[in-house]
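Have a look at the structure below, then the notes.
Quick note on labels: first sequence line is chain A, next is B, and so on, each numbered from 1.
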Amino acid sequence: MSLNADESKTYFGEELLRWYRKVRRDLPWRRSRDPYHIWVSEIMLQQTRVDTVIPYFNRFVHRFPSLTELALAPEEDVLKHWEGLGYYSRARNLQSAAREVVSEYGGRVPSDKRQVSGLKGVGPYTTGAILSIAYNQPEPAVDGNVMRVLSRYFCLEDDIARPATRIRMETLAQSLIPEGEAADFNQALMELGALVCTPKSPSCGECPVRTMCLGRLEGRERELPVKTKAKKARDVYRFAALLEGKGENAGKVLVRRRPETGLLAKMWELPHIEVPDAVAWESLAEGKIGLEKALANEGLRIHADERVIGEAQHIFTHLVWKIRVLSATVKDERYIADRTAYEWVSPDNFEDYVWPNVFRKLLTEYFINRNND
DNA sequence: AACGCGGGGGT
DNA sequence: ACCCCAGCGTT
């Protein structure tokens with residue numbers, strides 16, 4: 001390592017800290033020193049923008065002010081406060097880990113690296129974030145922001161999609177932490193990535209470390225970081241049944257609980273099926289027959305109309321759901337009573353359930369349109 | 001190493 | 001249309 005590189009590192013840490021103390025955003029979790037609050041914020045911030053997280057964080061800590069209260073709450077309640085935020089296993093893992101902290105560590109978030117990283121839902125990044133931000137320990141917290149900033153500043157061409165690159169970045173990031181400044185430095189690094197050293201068009205003119213940024217000095221800030229492409233999302237075609245109740249269930253709609261594991265685990269949905277391709281999806285007859293047969297297999301005899309009363313698209317990271325909703329009725333409603341996976345909902349009890357956004361939208365639209373008829 | 005896992009915003 | 005976001009768990 002040349003003297004020049006050492007100077008560059010010292011400069012980086014000092015200038016970045018000076019800048020951060022001047023411009024840092026006033027975020028809810030930065031007003032607290034409670035490790036539990038730091039932890040919650042870091043889990044919510046995984047793959048999720050700051051602006052999206054803020055209202056969720058405020059509601060969450062209001063409802064679950066302490067780790068113990070989170071541990072004692074019904075899981076359903078925790079999920080409800082996560083509704084719309086996505087990656088729901090984060091919420092389940094967070095509560096599971098909170099219960100572990102209560103039973104294993106007396107309800108105090110541990111400050112030992114191995115204990116922290118052993119908590120469910122806490123990986124390398126979050127371990128570093130908790131240790132550095134909550135306890136000011138000199139641990140790196142390398143996320144997408146940090147890899148982008150370091151790739152540019154040091155002009156590194158390593159593919160940031162590779163795990164080995166993250167390991168290298170952690171070593172580098174740790175070597176940059178100014179003595180006793182881990183908490184602010186790590187947040188400053190991410191703040192720079194979020195506000196200045198942005199993915200598309202970085203604001204190099206406003207960057208506190210621009211004079212020694214190798215990527216920029218070589219005019220390559222737009223090419224960095226190097227990242228291999230993700231696979232394109234696959235289209236999935238689906239038909240859903242909007243089953244309207246009769247008699248004592250008049251005004252209600254039949255909904256179904258998703259399986260315990262996997263995509264949107266334990267959340268509620270309109271009963272629906274997948275069809276092979278776009279061609280099948282064009283045919284309403286295909287949807288009608290498919291729904292009737294599939295639900296018959298689950299013991300529900302229904303009649304579906306070849307009439308589309310709603311349509312929606314739901315975009316996940318790895319797939320795209322294209323859903324057409326057919327109007328339908330249940331042939332024998334008494335038969336449903338003892339099926340725990342199925343329930344009747346109305347606008348009155350709608351909020352007692354946890355919905356993926358796509359079904360929240362479809363049902364809300366349905367209830368509104370019906371009132372206008 | 002590759003894949004599954006939400007939802008939203010920026011360009 | 002594509003990319004990215006204060007990533008992690010499973011296989």
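Contacts of A/Glu69 classified as side chain to side chain contact (heavy atoms under 4.5 Å, CB included), with partners at least two apart in sequence or in another chain: A/Pro65, A/Ser66. A/His81 meets the ring-ring contact (aromatic ring centres under 6.0 Å, His included) test with A/Phe64; sequence neighbours excluded. Scanning for ring-ring contact (aromatic ring centres under 6.0 Å, His included) contacts around A/Phe359 gives A/His272, with sequence neighbours left out. The ring-ring contact (aromatic ring centres under 6.0 Å, His included) test applied to A/Trp29 returns A/Phe57, not counting sequence neighbours. Residues satisfying the side-chain hydrogen bond (donor to acceptor under 3.5 Å, both in side chains) test with A/Lys288, not counting sequence neighbours, are A/Glu292. Partners of A/Ser203 under the side-chain hydrogen bond (donor to acceptor under 3.5 Å, both in side chains) rule, at least two apart in sequence or in another chain, do not exist in this structure.
At the phosphate of C/dC8, OP1 or OP2 sits under 4.0 Å from a side-chain N or O atom of A/Thr126. Checking the phosphate oxygens (OP1, OP2) of B/dG6, no side-chain nitrogen or oxygen of A/Asn357 falls inside 4.0 Å. Taking side-chain N and O atoms only, A/His318 has no distance below 4.0 Å to OP1 or OP2 of B/dG4.
The stretch residues 259-275 of chain A touches DNA chain B through A/Gly262, A/Leu263, A/Leu264, each having a heavy atom within less than 4.0 Å of the strand. For DNA chain C, none of the residues of residues 160-180 of chain A falls under the heavy-atom distance limit of 4.0 Å.
Put simply, CZ on A/Phe359 is 15 Å from C1' on B/dG7, counting in whole angstrom units. Regarding A/Leu79, its CG atom lies at a distance of 15 Å from the P atom of B/dC5, rounded to whole Å. Atom NZ in A/Lys231 sits roughly 13 Å away from atom P in B/dC5 (whole-Å rounding). The CZ-C1' distance, from A/Arg360 to B/dG6, rounds to 14 Å in whole Å. In this structure, A/Trp321 atom CH2 and B/dG4 atom C1' are separated by 13 Å, rounded to whole Å. Between the C1' atom of C/dG7 and the CD1 atom of A/Ile130 lies a distance of 13 Å, rounded to the nearest Å. Rounded to an integer number of Å, the gap from A/Leu85 CG to C/dG7 C1' is 13 Å. Remark: P of B/dG4 and CZ of A/Phe316 are 13 Å apart, rounded to the nearest angstrom.
Here the separation of B/dG4 from C/dA6, taken at their P atoms, is 24 Å to the nearest Å. Nucleotides C/dT11 and B/dG6 place their P atoms 16 Å apart, quoted to the nearest Å. Spacing of P atoms, C/dC3 relative to B/dC3, comes out at 16 Å, to the nearest Å.
Residue A/Val53 is out of contact with every strand shown, counting any heavy-atom pair closer than 4.0 Å. Contact annotation for A/Leu319: no contact, since no heavy-atom pair falls under 4.0 Å across all strands. Within 4.0 Å of A/Thr198, counting heavy atoms only, lies no atom of the nucleic acid at all.
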Inset, instruction - Would you give a per-nucleotide map of nucleotides 1-6 of chain C, 5' to 3', where B means the base has a protein non-hydrogen atom under 4.0 Å away, S means only the sugar-phosphate does, and - means neither? - result: -SSBBB
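Counting only heavy atoms from C-beta outward, the side chains of A/Tyr20 and A/Leu189 never approach each other to under 4.5 Å.
With hydrogens and angles left out, the side-chain atoms of A/Tyr88 and A/Glu83 include no donor and acceptor closer than 3.5 Å.
Using the six-membered ring where Trp is involved, A/Phe12 and A/Phe185 have ring planes that are perpendicular, over 60° apart on the 30 and 60° scheme.
Look at A/Glu298 and A/Lys293 and you find no salt bridge, because none of the NZ, NE, NH1 or NH2 atoms lies under 4.0 Å from a carboxylate O.
Checking each of A/Cys197, A/Cys207, A/Pro202, A/Cys213 against A/Val149 for a side-chain contact (heavy atoms from CB on, under 4.5 Å) leaves exactly one that passes, namely A/Cys197.
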Identify each donor-acceptor pair in which a side-chain atom of residues 307-316 of chain A lies under 3.5 Å from a protein atom, sequence neighbours left out, and give them as a table.
from     : atom 1 : to       : atom 2 : distance (Å)
A/Arg307 : NH2    : A/Ser327 : OG     : 3.3
A/Glu311 : OE1    : A/Arg324 : NE     : 3.3
A/Gln313 : OE1    : A/Lys322 : NZ     : 2.8

Taking distance alone, no hydrogens or angles, what donor-acceptor pairs closer than 3.5 Å link side-chain atoms of residues 214-221 of chain A to residues at least two apart or in another chain?
from     : atom 1 : to       : atom 2 : distance (Å)
A/Arg220 : NE     : A/Glu223 : OE1    : 3.2
A/Arg220 : NH1    : A/Glu157 : OE2    : 3.0
A/Arg220 : NH2    : A/Glu157 : OE2    : 2.5

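Hydrophobic clustering keeps A/Trp355 apart from A/Tyr87 (ILVMFWY residues linked when any side-chain heavy atoms are closer than 4.5 Å, directly or through intermediates).
The two residues A/Gly128 and A/Asn186 make their nearest non-hydrogen contact at O-ND2, 4.4 Å.
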Legend entry - Dot-bracket summary - DNA chain B, pairs being Watson-Crick or G-U whose distances fall under 3.5 Å, with | when paired to another strand: |||||.|||||
